[in-house]
Novice: 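Sharing a structure here in structure tokens format.
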Amino acid sequence: MNLVGFTLLRNGVKYDYCFRESLFSLAGFVSKIYLALGDSEDDTEKLLQEIPNLKIISTTWDMSKREGGIILSEQTNFALDAARIENKHDARAWGIYLQADEVLHQDDFQLIKGDLEKAEAQGCDALAFRYLHFWQAYDRIAINKKWYPQEIRALKLNTNIESWGDAQGFRNCRKIFYSEARVFHYGHVREAASYSLKKDDILKLYHSDGKMKKYKAREKRFDNMTETLVYLGDHPNFMKKRVEKAGGIWEGVARECVHIVGSS
């Protein structure tokens with residue numbers, strides 16, 4: 001089975017995305033990565049030179065498309081289409097998708113490969129991963145209903161599956177295999193100034209200038225309502241420097257017993 005990666009990126013340095021860590025986690029078990037790289041205002045492209053087997057598809061973001069984050073799925077599909085073109089003769093080729101703030105754990109590589117074999121044997125054309133959404137710190141995970149517990153992050157290339165909306169997921173899947181492999185989502189743990197700038201700018205992909213004040217207030221309200229749980233596990237090796245630089249614990253904390261209490 002041939003596995004390739006695909007993703008999108010723009011202004012990775014400016015917004016302090018963990019894009020290198022994300023790409024290195026993909027490079028650990030795919031043969032090639034297709035990256036739709038938007039017209040960045042920083043050194044993002046320069047820092048991509050260290051990523052092995054990376055093919056860059058240069059793009060220009062149409063910032064007039066300010067509804068529902070549709071530009072994000074458009075850019076994702078540019079990378080997906082490039083992967084399909086180069087692998088069109090391989091019926092068993094699968095694409096693994098990560099966004100710039102998502103990282104895979106090295107301990108899950110064999111699980112992913114095994115689940116892809118099972119998925120194909122069962123006639124599935126997509127694989128959903130479990131999510132850990134880190135919130136404001138490397139030892140807190142968000143648990144509100146808005147935080148999706150699973151999402152499609154692998155798909156067969158010789159299908160008509162496509163990214164849609166704001167690129168959170170994919171549509172046109174016939175049958176989904178649900179894996180226990182994890183995606184570590186670090187979008188809300190980053191340098192404070194870059195995080196604030198990113199939150200403001202990302203809203204511009206969803207709403208017109210006239211609606212910005214309203215939706216900024218709504219985002220702040222949702223942020224204040226975010227519930228979390230303590231995370232005691234470890235992080236991917238690729239994130240070691242980031243976690244330690246922030247004063248977090250990379251290897252996890254051993255506990256004999258953990259009690260989680262909730263209400264339905």
Novice: Go through the steps to decide whether K32 and L54 satisfy the test side chain to side chain contact (heavy atoms under 4.5 Å, CB included), and finish with yes or no.
Specialist: CA-CA 6 Å; K32 193 170 186 178; L54 180 68; over 6 Å; no
Novice: Show, in sequence, the C-alpha distance, side-chain angles and deciding distance for Y195 and H188, and conclude whether the ring-ring contact (aromatic ring centres under 6.0 Å, His included) test is met.
Specialist: CA-CA 7 Å; Y195 179 54; H188 297 274; 5.7 Å; yes
Novice: Carefully, step by step, assess F29 and F109 under the rule ring-ring contact (aromatic ring centres under 6.0 Å, His included).
Specialist: CA-CA 7 Å; F29 71 109; F109 288 176; 4.8 Å; yes
Novice: Is the side chain of S22 donor-acceptor paired with the backbone N or O of E102 at a distance under 3.5 Å, no angle test?
Specialist: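 Here the side-chain-to-backbone pair exists.
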Novice: Between R242 and E191, does any NZ, NE, NH1 or NH2 come within less than 4.0 Å of an OD or OE carboxylate oxygen?
Specialist: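 The answer is no: the pair does not qualify as a salt bridge.
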Novice: Output yes when D125 and K175 qualify as a salt bridge under the 4.0 Å nitrogen-oxygen rule, no when they do not.
Specialist: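 Judged by the 4.0 Å cut-off on N to carboxylate O distance, D125 and K175 do not form a salt bridge.
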Novice: In plain terms, say whether D108 and R182 are close enough for a salt bridge, that is, a side-chain N and a carboxylate O under 4.0 Å apart.
Specialist: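 Answer for the salt bridge query: yes.
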Novice: Considering only residues two or more places apart or on different chains, which pairs with a residue in residues 142-152 satisfy side chain to side chain donor-acceptor pair (under 3.5 Å)?
Specialist: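 Non-adjacent pairs meeting side chain to side chain donor-acceptor pair (under 3.5 Å): E151-Q168.
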Novice: Given the rule that I, L, V, M, F, W and Y join up when any side-chain heavy atoms are under 4.5 Å apart, are M225 and L203 in one cluster?
Specialist: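 No, it is not one cluster - the side chains of M225 and L203 are not joined through contacts under 4.5 Å.
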Novice: Before giving the answer on side chain to side chain contact (heavy atoms under 4.5 Å, CB included), spell out for L3 and M1 the whole-Å C-alpha distance, their side-chain angles and the decisive distance to 0.1 Å.
Specialist: CA-CA 6 Å; L3 305 180; M1 179 182 291; 3.7 Å; yes
Novice: Salt bridge check, K204 against D201: does any charged N sit closer than 4.0 Å to a carboxylate O?
Specialist: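 Counted as a salt bridge, because a side-chain N and a carboxylate O are separated by less than 4.0 Å.
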Novice: Looking at F78 versus Y34, is the centre-to-centre ring distance below 6.0 Å?
Specialist: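 Between F78 and Y34, the centre distance exceeds or equals 6.0 Å.
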Novice: In terms of hydrophobic clusters joined by side-chain contacts under 4.5 Å, are V30 and I112 together?
Specialist: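 Same cluster.
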Novice: Quickly, which of L9, L37, I33 forms a side-chain contact (heavy atoms from CB on, under 4.5 Å) with I56? Name it, please.
Specialist: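 Output: one option passes, namely L37.
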Novice: Pick one: which of E21, Q106, H105 meets side-chain contact (heavy atoms from CB on, under 4.5 Å) with N237?
Specialist: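 Answer to the side-chain contact (heavy atoms from CB on, under 4.5 Å) test with N237 among E21, Q106, H105: Q106.
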Novice: Going only through I, L, V, M, F, W and Y residues with side-chain contacts under 4.5 Å, is there a path from L98 to I161?
Specialist: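 No; I161 is not reachable from L98 via cluster members.
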Novice: Among all residues two or more places apart in sequence or in another chain, which pass the salt bridge (Lys or Arg N to Asp or Glu O under 4.0 Å) test with E180?
Specialist: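 For E180, the residues satisfying salt bridge (Lys or Arg N to Asp or Glu O under 4.0 Å) (neighbours in sequence not counted) are R130.
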Novice: Would L104 and I51 show up in the same hydrophobic cluster when neighbours are defined by side-chain heavy atoms closer than 4.5 Å?
Specialist: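 Yes; tracing contacts between hydrophobic side chains, which count when under 4.5 Å, links both residues.
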Novice: Report the residues that fulfil ring-ring contact (aromatic ring centres under 6.0 Å, His included) with Y97, sequence neighbours left out, ordered by chain and then residue number.
Specialist: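 Residues passing ring-ring contact (aromatic ring centres under 6.0 Å, His included) with Y97: F6, F170.
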